[in-house]
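Following: one structure in structure tokens, then a few remarks.
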Amino acid sequence: MTRATLALLALLALPGLAWGKTEKVKETKLPNGLVVHEYKMKNGMQLLLVPDKSAPVFNYQVWFKVGSANEKLDPRLQKTGLAHFFEHMMFRGTKNVPEGQFDIQLSQAGAVGENATTWLDRTNYFESLPKEKLELAFRLESDRMANLKIDEKSYKTELGAVIGELKMGKDKPSRVASEAVWDLAFEKHPYKWTVIGTEEELHSFTVDDANYFYQTYYAPNNATLILIGDFAIPNAIALAEKYYGNYKPKDIPKQELPAEPEQAKKRKREITHPLANANFLAMGYKIPQGNHPDMAALEVIGAILTTGDGSILEQQLIQTGIASHVSAGPYRTRYPSLFFFTVQMAPEKSDSKAINAFDDAMSRIRKGQLKEEEIERAKNQYLLMAYNDLLDSSAIGRNLGEALVSTDNYLNEFEVLDAVKKVTAEDLKRVAATYFTDEKLSFVRLVPGKGASK
């Protein structure tokens, strides 16, 4: 026997292992040739294992299906802020790893890219390490998933940091404008409320609320481990069994999306910001959930408008000096969402030119007046950017994770790529006529000034 085989057998013989309780679901080849091996543990935890021997490193990502929308829909909480709060809390101490040691141990092991993010439908944690440190990642990540210390002292310390971040966010005009669009577009939908919450909401949470949230949503049956890099699958499964196998599944509260009142006309709001030096426009059009068949055409429309030097609005607004930044595209989420168009105007430039340029471009799409080469350029630009992501392990994990939490199908991103190739001018015409109407539009103009929102 080789040393590697002997080591693996010794690992499987360790007390507490439940080898054989993890079942293989399927394997799927990605466009870059790598293969996703899907496994399901007995406690419901999902494993997406993507071996890649191109470099002696691995990327470790844990995705939880809980974001601000879930806490807003939670029958006990009914407000937002805790999901993002735990993005911070998870880097504090546990019963087994004293405060500060999580970061220290990863840093000493050579970790890069250690971080976390929170969004409407998810919270994720990730880092990259040399392949020899695989068990360290399993030990630290599994530990903070179940053994976090949440007491009055740690809670208040982190609460101060989160409120500080909240105040910093209010100093960013583009962020304020974008949040205003979500607020304007929806009345009861959970995406209406900001991910970070409000200062009032954050102060209203208690340590009991925090423990409830943690004990409820940080559960193996609400989590997916995505592992990409230089590792052997049997070893990864054995480590998953060793460190996650004894965790028990939890009852995740059933959540129902409230009925959203139908929008009858265009909604508009103007706000001011003391730190803005030029107008900022943010427009949101209501679109379906992330797994809807029209998503590929919506992605192509975004690329036609603002992706690459040859895009319509890049040429008309950026290259002419009217604006300094433009972006357009759909948010792919679990529930019906928004297609966003934003433009940062150049100082002293009229935003009417940007609005007219956008309206003219959309009119061309709705009327089927785009040239075939414009459509092909946009599709190729979108595909190029997506294929570039396949060169980076963390980006591959991100694509798998985002698709999973928003559609329950971790291959959705790659299915959209195939669908993009098949998008036609007629598809674009139909989708533009369906979604880009005044009855689906919420429009926010942010202008320089000292006052509050109007």
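Since the structure is predicted, the reported quantities are computational estimates derived from the model, not experimental observations.
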>> Is the shortest side-chain heavy-atom distance between Phe86 and Tyr218 below 4.5 Å?
In response: yes
> Within a strict 4.5 Å, meaning less than it, do heavy atoms of the Lys65 and Leu404 side chains meet?
Replying inline: yes
>> Quick one, Met41 and Lys21 - any side-chain contact, counting heavy atoms below 4.5 Å?
In response: no
> Below 4.0 angstrom, N of the basic side chain to O of the carboxylate: do Glu187 and Arg267 qualify?
Replying inline: yes
> Between Ser442 and Arg269, does any side-chain donor sit less than 3.5 Å from a side-chain acceptor?
Replying inline: no
>> Under 3.5 Å, is there a donor on one side chain and an acceptor on the other for Thr118 and Glu87?
In response: yes
> ring pair (Phe, Tyr, Trp, His ring centres under 6.0 Å): which pairs involve residues 410-447, sequence neighbours left out?
Replying inline: Tyr285-Phe436, Phe339-Phe436
>> Looking at every non-hydrogen atom in both residues, tell me the closest pair between Arg430 and Asp294 and how far apart they are.
In response: NH2-OD1, 2.9 Å
>> I need the single residue from Gln289, Glu413, Glu402 that forms a side chain to side chain donor-acceptor pair (under 3.5 Å) with Arg332. Which is it?
In response: Glu413
>> Could you check whether Thr424 and Asp427, counting side-chain N and O atoms only, form a donor-acceptor pair closer than 3.5 Å?
In response: yes
>> Between Glu314 and Gln319, is there a side-chain heavy-atom distance shorter than 4.5 Å?
In response: yes
> Hey, does Glu132 have a side-chain heavy atom less than 4.5 Å from the side chain of Pro56?
Replying inline: no
> For residues Thr306 and Ser311, is any side-chain donor paired with an opposing acceptor at under 3.5 Å?
Replying inline: no
> Got Lys26 and Leu411 here, is their nearest side-chain heavy-atom distance under 4.5 Å?
Replying inline: yes
>> For the residue pair Asn70 / Gln255, report whether a side-chain donor-acceptor contact shorter than 3.5 Å exists.
In response: yes
> Which residues satisfy the ring-ring contact (aromatic ring centres under 6.0 Å, His included) test with Tyr382, sequence neighbours excluded?
Replying inline: none
> Under the salt bridge (Lys or Arg N to Asp or Glu O under 4.0 Å) criterion, do Glu179 and Arg175 qualify, and how do the steps go?
Replying inline: CA-CA 6 Å; Glu179 290 178 349; Arg175 178 170 172 173; 3.3 Å; yes
>> Going by ring-ring contact (aromatic ring centres under 6.0 Å, His included), name the residues that satisfy it together with Trp193, two or more places apart in sequence or in a different chain.
In response: none
> Shortest non-hydrogen contact from Gly284 to Leu338?
Replying inline: C-CD2, 4.1 Å
> Can a donor-acceptor pair be found between the side chains of Ser54 and Asp52 at a distance below 3.5 Å?
Replying inline: yes
> Under 3.5 Å, is there a donor-acceptor pair linking the side chains of Thr22 and Glu241?
Replying inline: yes
> Passes side chain to side chain contact (heavy atoms under 4.5 Å, CB included), Gln263 versus Lys440? Steps please.
Replying inline: CA-CA 7 Å; Gln263 184 174 338; Lys440 289 182 169 60; 5.6 Å; no
>> If only side-chain N and O atoms count, and only distance matters, is there a donor-acceptor pair under 3.5 Å linking Asp121 with Tyr191?
In response: yes
> Can you say whether the rings of Tyr247 and Tyr244 are parallel (under 30°), tilted (30 to 60°) or perpendicular (over 60°)?
Replying inline: perpendicular
>> Taking Lys379 first and then Glu376, would you say they form a salt bridge - that is, a charged N and a carboxylate O separated by under 4.0 Å?
In response: yes
>> The test is side chain to side chain contact (heavy atoms under 4.5 Å, CB included); show your working for Thr342 and Phe280 and say whether it passes.
In response: CA-CA 7 Å; Thr342 64; Phe280 183 90; 3.8 Å; yes
> Within a strict 4.5 Å, meaning less than it, do heavy atoms of the Met283 and Leu441 side chains meet?
Replying inline: yes
> So do Leu257 and Pro336 actually touch side chain to side chain, heavy atoms under 4.5 Å?
Replying inline: yes
> Is it true that the NZ or CZ of Arg144 lies under 6.0 Å from the centre of Phe91's six-membered ring and within 45 degrees of the ring axis?
Replying inline: yes
> So Tyr60 and Phe58, would you call those rings parallel, tilted or perpendicular, with 30° and 60° as cut-offs?
Replying inline: perpendicular
>> Could you report the tightest heavy-atom contact between Arg366 and Lys429, atom names first, then the distance?
In response: O-CG, 2.9 Å
